[in-house]
Amino acid sequence: MPFRSDSEAAMPGREQRARDDRSSRATSWHREDEPPTRRLLPGALAAAAAFVALWPFTSVIEPGAWSLSVTLVVVATALTGIAVRTALQHRASWMQEAVTFLAQLVVAAGLVTLMVAGDTALFGVAPTPATWSIFGSLAERAWEEIAFGSAPLDATPGLQLVLSAGFAGVAIALDQLVAQRNALLAVLLTGVIGAVPMIVTVGGANVVWFVLLGVLTLMLFQYTARQHPQAPTRTSPSIAAGIGVVALAATVILAPGVPISASWAGAGAGVTVNASLRLGDDLRRPAPVEVLTVAAEGEVAPYLRLATLSRFDGRIWHPDESEVRPQTEGFGDPDWSDAIETEDRLTSVRIIRMSSSWLPVPYPATRLRGVPSAWQVMPDNRTVVSESSDAVGNDYTVSSVAVTPTLEQIRAASAAATTPAGDDADLPPVVGALATEVTAAASSDYDRLIALQNWFRSDFTYSLDTPVEEGFDGTGAEAVADFLEERSGYCIHFAGAFALMAQELGMQVRIVVGYLPGVLTDQERGDESVFSVSSDQLHSWPEVFFQGVGWVPFEPTASLGVPTRFLPGANTGTGTGTPTAPAPTAEPGAAPTSGPELERGDAEDDAGATGPLRRLDPTPIALGVAGAVLIVLLPALIRQARRSVRLRRARDGDAMAAWSELRDTLLDLRIPVSDADTPRVRAANLTRERRIDGDAMRRVTIAVERANYARNATDAGDLAAPLTEILRDLHRSVDGRARLVAVLIPRSLIAGRGADAPVLA
């Protein structure tokens, strides 16, 4: 109800004029006219936000057509918004935004159709039933790549479709939010979309990206705040800077400590395999998963090869890129002579969670059945490749042979390279010196290689951690030298060192990337046993070419698989060496293996047992969810911090702090407020319309009036208690939804001053 203070009643004319002067100066601090409507700036800011959200995706997906597609979609969306709003500038605001949204939707859909499946669309942009069918298959394929792959994913047409369509939606949403001056929601959308790749893939905090996000936040908040007609003509970026600094600091501090999964779908996903020998991250997965199954006769499964690498340049081994041919033309002539005994084999492979442009096949493969024609064979190394298809989901059968020379035959064969190894690699002297030292007592190429194999398996240890800790997680010349000194590493170190040492001995050598034999299960497929192959059985091993025998694999990796060896024939003096007893396969290992023995603290407790089922580590998920919640709650936390500071100042008698908190609470609750109201008018309105406690309101109002107009400052006493009572009554006067919105999206953080300040958040 209305009341008058003694100070106001006794205010002399001179003080009243001073008050009017202050009011006039305060009014001039605000704009008095509507600022010009801008068309280009909001469109540019929305496009910039979309590109900021896009940037982290470039680190988890290989460059390709998707990059250009997404860029064109974002730019086209922004230009469409600018053009339509300019053309309809004299129309009603709701009509402008409705037409703009529809136009952007049509343009984006047409552009995505043109770039992904334009040859099936009407005029290249209007989808037809055939177009929708292609979209469906590509989307399904993209989901498999995301669910079963690990970064960096290949740039496939499926990902091009999903990313183009997804960022079309993001660009349209950001454009609408910026146009409506909803800066807070635009920043949250940008941050959430951009943070997804960093949360679910391997990698640390992208500090540069967070800095860009902070800069974008400042620009969006400044733009939206200045658009209000009675917003300050000069705005302070302190609030926006506070949000950006807190978000950046929290993320940079917390992100490096988050144990991130190597796959997009967490521990339940498989792997993406390439031929770069970057196997460390896949082998160090905390929870290996089944990637494929193998059906074969007997209790032994074969090694499965994906690709071979024959050329070493001193830094990396390069995958073979020889001529490919259709499956119908076969795998080419055999490398072994008729004098070598062989045995036909049949192996069925079902790919469950492995994304690759190579199909895993046993060696040496002779025939392939059940695979689409897009897959072609590479005769030089008997591998199966495709430029447009993915291995995941394939179920096929491979015919192969087991090449089993006798000990006499393999010793008589030469492993000398027919052409020099080349001068591409300058190897450390220790490689050749150790190769000569270890093989000094051997008299044949085969015996030299067996000596190397035994040396590695007896004098070295298998470890997934040592290479990372010691800084030589690779197969370069210096990494091999470090490995030979440390004598601890995993399969790529053993294979790389063995290959270079064999090459120093003048032999023709290459490295194979593939999978170890799987673990025998209790399932059967017809008369065949079924073996399960998990992601931690990804492996690499060396092969050496023997004249008349072909490529012979070796297994130097300590504690893994079964080493290669051949048995003597019954008639050692015949020259042909035809065995009378079964000889072991030439593959590196004839017994099933469970893969690398990971160094775990609880290994002794499970010794001799099959081991409990691996449990999903909830820590990455919990921390990822906590990070997302922190981003969502960041405005609320900043608002709560500001309220706490003001309440503390109000407790000390600061009337203006109490009044500022009252005004901001009104803004947060979407209760109409005008800065033209005097404290007494506002108090009367709130008491009448919102049922605010009259005594509490009177105490605060009188304190504000005395702080503004009293000749001498007086102690207002503790204003925190009445202010808290007022704020409690205000929250009770609105419904639950309004209270929730006030907490999560506090309008006062960015709303400008003025009558009935609009929603700027």
Side-chain angles (χ1 to χ4, degrees), residues 61-65 141-142 144-145 148-150 152-160 270-279 282 291-292 294 302-312 316-335 347-401 492 495 510-515 533 538-543 545 550-551 553:
I61 304 176
E62 295 287 354
R141 175 76 170 280
E144 293 176 348
E145 293 166 352
F148 302 143
S150 63
L153 299 177
D154 292 333
T156 62
L159 288 178
Q160 180 186 7
V271 296
T272 295
V273 180
N274 54 45
S276 64
L277 289 184
R278 292 182 299 175
L279 311 184
D282 288 316
V291 293
L292 58 92
V294 178
Y303 275 59
L304 299 177
R305 69 180 47 221
L306 290 164
T308 61
L309 304 90
S310 300
R311 188 173 66 86
F312 181 68
I316 61 174
W317 285 85
H318 293 274
D320 295 334
E321 298 180 350
S322 57
E323 178 187 0
V324 296
R325 63 174 61 168
Q327 301 174 38
T328 55
E329 296 184 13
F331 285 85
D333 298 330
D335 296 323
T347 307
S348 297
V349 181
R350 176 177 293 171
I351 310 297
I352 301 174
R353 296 182 181 91
M354 189 205 73
S355 177
S356 175
S357 56
W358 287 271
L359 279 184
V361 294
Y363 182 80
T366 57
R367 185 182 178 188
L368 198 62
R369 287 175 289 180
V371 175
S373 58
W375 292 94
Q376 297 179 300
V377 300
M378 192 178 291
D380 287 351
N381 56 14
R382 294 181 180 266
T383 57
V384 183
V385 300
S386 176
E387 294 182 355
S388 58
S389 296
D390 196 296
V392 67
N394 279 282
D395 191 347
Y396 53 95
T397 301
V398 185
S399 298
S400 61
V401 296
I492 68 168
R510 68 187 182 189
I511 293 180
V512 183
V513 176
Y515 282 97
V533 179
L538 190 62
H539 190 48
S540 63
W541 62 91
E543 287 184 335
F545 186 81
W551 289 95

Of all heavy-atom pairs linking Ser310 and Arg510, the shortest is OG-CB, 3.5 Å
When every non-hydrogen atom of Pro379 is compared with those of Arg325, the smallest separation belongs to CG-NE, 3.3 Å
Worksheet item: Do Asp380 and Glu323 have side-chain heavy atoms sitting under 4.5 Å apart?
Response: no
Output for pair (Phe312 CZ, Ile511 CD1), nearest 0.5 Å, gives 8.0 Å
Exactly one of Tyr515, Trp541, Tyr363 clears side chain to side chain contact (heavy atoms under 4.5 Å, CB included) with Tyr303, and that residue is Trp541
Output for pair (Gln327 CD, Tyr396 OH), nearest 0.5 Å, gives 11.0 Å
In this structure, CZ of Phe545 is separated from CG of Asp335 (nearest 0.5 Å) by 5.0 Å
Please evaluate residues Val324 and Val385 with respect to the criterion side chain to side chain contact (heavy atoms under 4.5 Å, CB included), reporting the C-alpha separation (whole Å), side-chain torsions for both, the decisive distance (0.1 Å), and the verdict.
CA-CA 8 Å; Val324 296; Val385 300; 3.8 Å; yes
*Hey, does the side chain of Ser356 reach the backbone of Ala391 with a donor-acceptor pair shorter than 3.5 angstrom?*
no
(request) Evaluate the side-chain proximity of Met378 to Val384: yes if any heavy-atom separation is below 4.5 Å, no if none is. (result) no
Looking at Arg369, I'd like to know if its CZ atom is crowded, meaning that more than 12 non-hydrogen atoms belonging to other residues, nucleotides or ligands lie closer than 6.0 Å. yes
Taken in chain and number order and not counting sequence neighbours, the residues that satisfy salt bridge (charged side-chain N to carboxylate O under 4.0 Å, His left out) with Asp395 are Arg350, Arg525
So CG of Leu292 and CG of Leu359: to nearest 0.5 Å the spacing works out to 10.5 Å
Smallest heavy-atom separation, Thr397 atom then Ser348 atom, equals OG1-OG, 3.3 Å
Smallest heavy-atom separation, Ala374 atom then Ser386 atom, equals O-OG, 3.2 Å
Minimal heavy-atom distance between Val513 and Leu309, with the atoms involved, is CG2-CD1, 3.6 Å
Of all heavy-atom pairs linking Val294 and Pro302, the shortest is CG1-CD, 4.4 Å
CD (Gln376) and CD (Glu387) are apart, to the nearest 0.5 Å, by 7.0 Å
Which of Asn394, Thr347, Val398, Leu304 passes side chain to side chain contact (heavy atoms under 4.5 Å, CB included) with Pro360? It is Leu304
When rounded to the nearest 0.5 Å, the distance separating CH2 of Trp375 from CG of Leu368 is 10.0 Å
### Thr366 side chain near Arg382 side chain, heavy-atom distance below 4.5 Å
yes
